[in-house]
Amino acid sequence: MTKNNERADWWKQAVVYQVYPRSFYDASGDGLGDIRGVTARMDYLRALGIDAIWLSPFYPSPLVDGGYDVADYRDVDPRLGTLADFDEMVAAAHDAGIKVVVDIVPNHTSTEHEWFRAALAAGPGSPERDRYVFRPGRGEHGELPPNGWRSTFGGPAWEPVGDGEWYLHLFAVEQADLNWKNPEVREDFKRTLRFWSDRGADGFRIDVAHALAKDLDSRPLDEWPDDPDQASLSQEGEGGDNPLWDRPEVHEIYREWRKVFNEYEPPRFAVAEAWVCPEHQWMYASTDELGQVFNFEFAKTDWFADDFRRAIEEGLDAAERSRSTTTWVLSNHDMARHATRFGLPQVRSREHHQLVNDWLLRDGRTYVEDRALGTRRARAALLMELGLPGSVYLYQGEELGLFEVADIPWEALEDPEARMTEHGDAIKGRDGCRVPLPWVADDPTDAFGFSAPAEHAAPHLPQPAWFGSHAVDAEEADKGSMLWFYRHALALRAELVVPTGDTSLAWAAENGGEVIAYERPTADGRTLEVVTNFGAEPARLPEGEVLLASAELNADGSLPADATVWVVR
Ligand code: NOJ
């Protein structure tokens, strides 16, 4: 067990590794990763040196949105295993000293959920419909949607059910939004939190945490603007005046959840996925609410020193306001992998991140990524990130240096975001970072060791030929690989930086311009200085012993471009 995990507030400075279960490891041979696959790879996770795993949804689901369309919150999808498999996986993780975080999806259920079926059967005005957001349509026979809101995945956010009523879905048609004003909905989610806590879950990741509270009644629905890109409806707006996102009442829900978390010893924690403006992030993380909120600013930032510096400052500032710690994220299952992003022409403004992502994921747009440059910057970014106070969330496969898989054939795509836009563009969606992991370079069965049995179905998404050189066994055999670099850096962080419990950071003398440099106290009473050089000119190293560098130093001892060094003194 890491020293960090001996603390009751272990999650404040944890390294959490995101497992996307369907693409991690397939123990059953059906081409889909599963829970027993996670258990089978616990030694790999322990050797990596992480504190916790976070599992994206593994609940019964029609898998319209990769499991974020949940049909039963308190069970395991039979294709991914059983509750007994889950218990075994938690026991194996805990034996390995690894904590377990599970995903809660409270904004919407699958339309296959028993509540939604009951709502359809019961008809307008029923208590069953009140658990969701049903409204009468406009027009003589309700043939028009209640208003013109658009879903996040494209198309109208309302779907008719044939009796004059329509239900709201901010995401796919098969993901019906719940009504959080309904007391039964509130009680049921507390039951779910206790269910997984009782089974050993140490924490929760809360999906679309900023959307639960909605205001659909303070003005006629058709008076709201249609276009979600308008400031008044944008996900990252100021809150309060927005009927859908980041409303102040959402915090009442999390204050109730905090009481549930505190029933346990140590208290459970949660991390909110809330794409809100930086000034609002801290509320979700405060000690009487969830504990932590994702800070996605790193993921939105291209390779520019001033943008990263600002992201660090904002993250630390939010942490101070919440009296908690912040999080650092470079990649997850919703965005193009950062080894690819950093190897593309860089875009100045963080506001353009969505555009960049969309651009990347578009069909027929060929992009030429400089893979060597992307890899070099990914290594530098990791060392910069790991020294910072707070938690680091890693996404499976980044430790292998995987790139985005750009050429998945259209007919193989699974993501509901893959679609034709109204402008005639084809967006290929998020599957390029969700391709099953390569474990064995030379696998005669052509799945790079993703499936355990010799006879198995093809992986659920096709793997490209270049995955072989990133396979776990190939990287294990090469001490210069990304995998060894991650292991080395994580071990140093766990020994040297985190055990102090200190979450302070001081900017170092070298900080400024193209160089980011900060200092932290170490567990053995020294000072760690982390220096990243974003510029083309070599940067001078501070005094001290070089512990680890993301790239070879120059012959004169200076730090080359796109590199980070850890120095202690
Ligand atoms: C955020 C999740 O990370 C994403 O994968 C999902 O599509 C949406 N929420 C809807 O649940």
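Just so it is clear, the values below take in all heavy atoms, side chains as well, and ignore hydrogens, waters and symmetry mates. Counting convention: from 1, in listed order, for ligands and their atoms alike. Predicted model only: the values in this text are computed from it and were never measured.
- Among I206, V105, D65, the residue whose heavy atom lies nearest to atom 10 (C) of ligand 1 is D65.
- When heavy-atom distances to ligand 1 are checked against a 4.0 Å cut-off, Q18 has no atom that comes that close, whether in backbone or side chain.
- Contact annotation for F294 and ligand 1: no heavy atom of the residue comes within less than 4.0 Å of the ligand.
- For the residue pair N295/Y393, the side-chain donor-acceptor check at 3.5 Å is not satisfied.
- Heavy atoms of E417 found under 4.0 angstrom from ligand 1: none, in either backbone or side chain.
- The closest heavy-atom contact to atom 1 (C) of ligand 1, among the options V70, D207, D103, T152, comes from D207.
- For the pair R41 and W439, the cation-pi test (distance below 6.0 Å, angle within 45°) is passed.
- Of all atoms in ligand 1, listed by their number and element, those nearer than 4.0 Å to a heavy atom of H108 are 10 (C), 11 (O).
- Counting only N and O atoms by type, the side chains of S451 and D26 include a donor and acceptor under 3.5 Å apart.
- Of all atoms in ligand 1, numbered sequentially from 1 with element shown, those under 4.0 Å from a heavy atom of R430 are 4 (C), 5 (O), 6 (C), 7 (O).
- Taking atom 3 (O) of ligand 1 as the reference point, the nearest protein heavy-atom neighbour is D334 OD2, 2.5 Å.
- Side-chain atoms of Y284 and S322 form no donor-acceptor pair, as typed in the model, at a separation below 3.5 Å.
- Neither the backbone nor the side chain of M335 has a heavy atom within less than 4.0 Å of ligand 1.
- A donor and an acceptor atom, one from each side chain of W282 and D317, are nowhere located under 3.5 Å apart.
- Applying the salt bridge (Lys or Arg N to Asp or Glu O under 4.0 Å) criterion to E159, with sequence neighbours excluded, gives no partner residue.
- In the vicinity of R434, heavy-atom distances shorter than 4.0 Å reach the ligand 1 atoms 5 (O).
- Of all atoms in ligand 1, numbered sequentially from 1 with element shown, those under 4.0 Å from a heavy atom of F153 are 7 (O).
- Here the straight-line distance linking atom OH of Y68 with atom CD of E273 works out to 7.5 Å at 0.5 Å rounding.
- The side-chain hydrogen bond (donor to acceptor under 3.5 Å, both in side chains) search around N4 returns none, not counting sequence neighbours.
- Each of the atoms 9 (N) of ligand 1 lies under 4.0 Å from some heavy atom of V208.
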